[in-house]
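Comments concern the structure below.
Numbers for residues simply follow the sequence, beginning at 1. Because only heavy atoms are used, hydrogens play no part in the values below, and waters and symmetry mates are left out as well, while side chains stay in. In this text the structure is predicted, and so the values were computed from the model without any measurement.
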Amino acid sequence: MQLHYISISYNFVGDVITPKIVKKQIQSYNEDEVKKLFELVDKDASSNVKLLIYLAITTGMRRSEINALTFDDVDLKEKTINVNKARVYQHRGKCVLKEPKTASSVRVIPITDFTDKEGTYHRASKEID
């Protein structure tokens with residue numbers, strides 16, 4: 001256009017054929033894969049790593065939501081986790097806390113006995129303190 005080979009009135013974007021968006025099918029672990037993962041975690045992982053994996057598998061929380069958790073979000077008496085923020089990365093590697101992706105992402109998740117297997121939360125909080 002700058003060299004006047006193409007008329008300014010010509011809409012060259014109108015000829016572009018956009019590709020179809022193909023949504024990926026979400027693949028989750030099956031029961032056997034989860035059991036194997038828990039066996040490996042119980043055997044080899046530190047309690048902090050173990051806590052992260054148990055949270056991810058048993059609560060369905062997003063990675064950004066788990067990374068944003070604080071001790072104030074976990075109520076051990078009520079056995080609940082309050083999900084109200086997410087840690088996201090901006091350009092240049094800077095982390096910021098934001099509200100979750102959607103309004104329905106703000107939620108309270110129960111801590112089941114399986115999730116808190118062997119006092120995972122208690123051990124992890126003592127190690128961090």
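Paired with Glu78 under the rule side chain to side chain contact (heavy atoms under 4.5 Å, CB included), one option of Val74, Asn82, Thr80 passes, and it is Thr80. Results of the side chain to side chain contact (heavy atoms under 4.5 Å, CB included) test with Pro100 over Val106, Asn84, Val88 single out Val106 as the only residue that passes.
With contacts defined as side-chain heavy-atom distances shorter than 4.5 Å, the pair Val108/Ile81 does not qualify. Contact check for Val49 versus Val41: no side-chain heavy atoms found under the 4.5 Å cut-off. When side chains are defined from C-beta on, Leu69 counts as touching Met61, because their heavy atoms get closer than 4.5 Å.
We find the CD1-CG distance between Ile111 and Leu76 to be 5.5 Å, quoted to the nearest 0.5 Å. In this structure, the separation between CD on Glu33 and NZ on Lys36 is 11.5 Å, given to the nearest 0.5 Å. For the atom pair CG (Asn30) and NZ (Lys35), the distance works out to 10.0 Å, reported to the nearest 0.5 Å. Rounding to the nearest 0.5 Å gives a distance of 9.0 Å between CZ of Phe38 and CD1 of Ile53. Rounding to the nearest 0.5 angstrom, the gap separating the SG atom in Cys95 from the CD atom in Gln90 is 9.0 Å.
Taking a 6.0 Å sphere around CD of Glu31, one finds it holds 12 or fewer heavy atoms contributed by other residues, nucleotides or ligands.
By the criterion of side-chain heavy atoms lying less than 4.5 angstrom apart, applied directly or through intervening Ile, Leu, Val, Met, Phe, Trp or Tyr residues, Ile66 is not grouped with Leu97; the two fall into different hydrophobic clusters.
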Working for side chain to side chain contact (heavy atoms under 4.5 Å, CB included), residues Ser105 and Glu99 = CA-CA 9 Å; Ser105 294; Glu99 291 187 15; over 6 Å; no
Check step by step if side chain to side chain donor-acceptor pair (under 3.5 Å) holds for Asn67 and Ser64.
-> CA-CA 5 Å; Asn67 286 331; Ser64 60; over 6 Å; no
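Across all their heavy atoms, Ala45 and Lys50 have their closest contact at CB-N, 4.2 Å. Between Ala68 and Arg87, the shortest heavy-atom distance links the atoms CB-N, 3.5 Å.
Of the charged side-chain nitrogens involved, none lies within less than 4.0 Å of a carboxylate oxygen, so that Glu39 and Lys43 do not count as a salt-bridged pair.
When atom types are taken as modelled, the side chain of Asp73 and the backbone of Thr70 share a donor-acceptor pair closer than 3.5 angstrom.
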